Amino acid sequence: MIHSLFLVNASGDIFLEKHWKSVVSRSVCDYFFEAQERATEPENVPPVIPTPHHYLISVLRHRIYFVAVIQSEVPPLFVIEFLHRVVDTFQDYFGVCTEAAIKDNVVVVYELLEEMLDNGFPLATESNILKELIKPPTILRTMVNTITGSTNVGEQLPTGQLSVVPWRRTGVKYTNNEAYFDVVEEIDGTYTFDPVTKMLSWDVGKINPQKLPSLKGTMSLQAGASKPDENPSINIQFKIQQMAISGLKVNRLDMYGEKYKPFKGIKYMTKAGKFQVRT
C-alpha cells in the first residue's frame with residue numbers, strides 16, 4: 001500500500017524519509033513541488049497528485065507536509081487518516097510535532113513508523129499499544145540509552161493486542177469508570193445587516209444571561225510586514241459552556257454490561273463555526 005513517506009518543511013526541503021517496500025527516489029516529490037508552486041496558499045495543495053507511476057497523497061499539519069507515495073490505487077481517505085494518525089502519535093510522544101522535535105527524536109520516529117506500518121499496511125496505530133512497544137522518550141531514558149546503547153523498544157508483547165478493546169490493556173481497573181458521548185447539532189440562524197450602523201446581527205435564539213458566550217478571535221499578520229493602514233480581518237468563534245442553544249436535553253442515560261453502579265452525567269456545550277469579521 002504505502003511504499004514511502006516523505007516529510008517536507010515549509011521551505012520545501014525533505015528532512016526525513018522512510019521506505020517500507022522499496023526505495024523510491026526523492027525525485028518523485030518534484031510533482032508535489034510543482035503543485036505546491038501552483039497553489040495560492042499552503043493548504044490549497046491537492047491532497048492527491050497522480051504521477052506516471054505513483055500517487056502522492058499528502059496532508060499539511062504544523063507547517064509540515066506528510067507525503068505518502070502509493071504505487072496502486074487505494075482509498076485516499078484511508079491513507080489521509082493514517083497520515084493524521086502519524087502526526088497525532090508524534091505530538092503525543094514529543095509534546096509537539098515540529099521539524100526540530102522530529103529531528104531531535106529521529107530514532108524514536110523511525111521505530112514508531114516501523115511499528116505503525118507492516119510491509120506498507122497499517123499495523124499498530126493505537127497510542128496505548130505503541131507506548132508499550134516503543135517507550136516515550138524522556139531525558140533520563142535518553143541518557144541511559146546513550147550510555148548503555150539500548151533502545152526504547154519494549155521487550156514484551158503489548159497486552160492491548162490481547163484485549164477485546166484494542167486501545168485498552170487487559171485486566172485494567174480504575175477507581176472511577178466514566179463514559180463520554182457527544183451530541184452534535186447544527187443550527188441555522190437568521191441575520192440582519194444595518195447599512196447605517198454597519199452592524200451585522202445573527203439571531204440564534206435565547207441565551208441564558210447566566211451563561212454568556214465567550215468570544216475569542218485571532219488576527220494574523222504576515223511576518224515582517226508593516227502595520228496595515230486599514231483595519232485587518234479577524235477570525236472569531238464563540239462557545240457557551242453547559243448549554244444547548246436549541247433546548248435539546250438528554251432525558252435518560254442507561255449503561256449495560258457492567259455490574260457496578262456507574263456515575264452518569266451530561267455535559268452540554270454550544271460552539272459556533274469560524275467567522276471572519278472585517279473591522
Side-chain angles (χ1 to χ4, degrees), residues 1-39 41-94 96-127 129-131 133-137 151-154 158 161 166:
M1 184 177 128
I2 298 180
H3 282 247
S4 302
L5 176 66
F6 296 94
L7 271 59
V8 183
N9 59 20
S11 302
D13 299 325
I14 300 174
F15 66 92
L16 187 139
E17 60 183 273
K18 169 64 178 174
H19 308 278
W20 283 274
K21 292 188 175 183
S22 58
V23 178
V24 178
S25 174
R26 286 190 173 191
S27 60
V28 73
C29 292
D30 292 342
Y31 298 96
F32 174 80
F33 295 141
E34 293 176 1
Q36 187 180 17
E37 292 179 357
R38 292 193 298 266
E41 297 291 339
E43 57 271 12
N44 292 340
V45 177
V48 180
I49 302 174
T51 71
H53 303 287
H54 302 88
Y55 293 94
L56 305 182
I57 301 179
S58 63
V59 298
L60 174 63
R61 293 279 300 273
H62 307 289
R63 301 185 64 186
I64 299 176
Y65 290 98
F66 291 76
V67 184
V69 181
I70 315 296
Q71 195 168 16
S72 58
E73 288 191 15
V74 297
L77 291 179
F78 187 75
V79 181
I80 291 175
E81 173 62 25
F82 174 78
L83 294 177
H84 282 294
R85 185 63 63 91
V86 170
V87 179
D88 295 339
T89 300
F90 289 170
Q91 192 165 3
D92 186 24
Y93 265 72
F94 313 135
V96 293
C97 183
T98 61
E99 180 180 357
I102 293 175
K103 288 182 176 179
D104 291 341
N105 301 276
V106 65
V107 175
V108 179
V109 168
Y110 278 108
E111 291 173 346
L112 287 172
L113 293 176
E114 194 66 33
E115 295 295 341
M116 296 183 74
L117 278 184
D118 181 20
N119 198 28
F121 291 88
L123 177 62
T125 58
E126 294 291 344
S127 177
I129 296 178
L130 286 171
K131 286 183 178 179
L133 288 168
I134 310 296
K135 302 299 181 182
T151 64
N152 292 350
V153 179
Q161 293 186 347

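Predicted model, so just to flag it, every value in this text is computed and none were measured. Start at 1 with the first residue, then count along the sequence.
A pairwise comparison of heavy atoms in Cys97 and Ile64 identifies O-CD1, 4.0 Å as the closest pair. When all heavy atoms of Leu117 and Pro122 are compared, the pair lying nearest together is CD2-N, 3.2 Å. Among all heavy-atom pairs drawn from Lys103 and Phe15, the shortest one is CE-CB, 3.8 Å. Closest approach of His19 to Val24, counting heavy atoms only: CE1-O, 3.2 Å.
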Below 3.5 Å, can you tabulate the donor-acceptor pairs from side chains in residues 66-76 to any protein atom, sequence neighbours excluded?
unit_1	atom_1	unit_2	atom_2	d
Gln71	OE1	His3	NE2	3.1
Glu73	OE2	Tyr55	OH	3.4

Side-chain donor-acceptor contacts of residues 28-39 below 3.5 Å, not counting sequence neighbours, with atom names and distances?
none

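Rounding to the nearest 0.5 Å places CE of Met116 at 16.0 Å from CZ of Phe121. To the nearest 0.5 Å, the span separating OG on Ser58 from CD1 on Ile49 amounts to 5.5 Å. In this structure, Thr89 OG1 and Glu115 CD are separated by 12.0 Å, a value rounded to the nearest 0.5 Å. Separating the CZ atom in Arg61 from the OG1 atom in Thr98 is a distance of 13.0 Å, to the nearest 0.5 Å.
Proximity of Trp20 to Met1: side-chain heavy atoms (C-beta onward) are nowhere separated by under 4.5 Å. Residues Pro47 and Val59 have side chains not in contact (no heavy-atom distance under 4.5 Å, counting atoms from C-beta outward). Residues Val109 and Lys18 are not in side-chain contact: their nearest non-hydrogen atoms beyond the backbone lie 4.5 Å or more apart. The side-chain heavy atoms of Asn9 and Leu7, taken from C-beta on, include no pair separated by under 4.5 Å. Taking the side chain as every heavy atom from C-beta outward, Val96 and His62 never approach each other to under 4.5 Å. The shortest side-chain heavy-atom distance between Leu56 and Phe6 does not fall under the 4.5 Å cut-off. Annotation: side chain of Asp92 is not in contact with side chain of Leu130 (no heavy-atom distance under 4.5 Å). Leu5 places a side-chain heavy atom less than 4.5 Å from the side chain of Leu83.
Remark: side-chain polar atoms of Arg85 are paired, donor with acceptor, to backbone N or O of Thr125 under 3.5 angstrom. The backbone N or O of Asn105 lies less than 3.5 Å from no partner atom in the side chain of Tyr93, so there is not a single donor-acceptor pair.
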Ser4 and Val23: CA distance, side-chain angles, deciding distance, side chain to side chain contact (heavy atoms under 4.5 Å, CB included) verdict: CA-CA 7 Å; Ser4 302; Val23 178; over 6 Å; no
Let's go through Glu114 and Ile134 carefully: what are the C-alpha distance in whole Å and the side-chain angles of both, what is the deciding distance for side chain to side chain contact (heavy atoms under 4.5 Å, CB included) to 0.1 Å, and is it a yes or a no? CA-CA 10 Å; Glu114 194 66 33; Ile134 310 296; over 6 Å; no
Please test Leu113 against Phe90 for side chain to side chain contact (heavy atoms under 4.5 Å, CB included), starting from the C-alpha separation and ending with a verdict. CA-CA 10 Å; Leu113 293 176; Phe90 289 170; 4.1 Å; yes
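No more than 12 heavy atoms of other residues, nucleotides or ligands sit less than 6.0 Å from atom CZ of Arg63.
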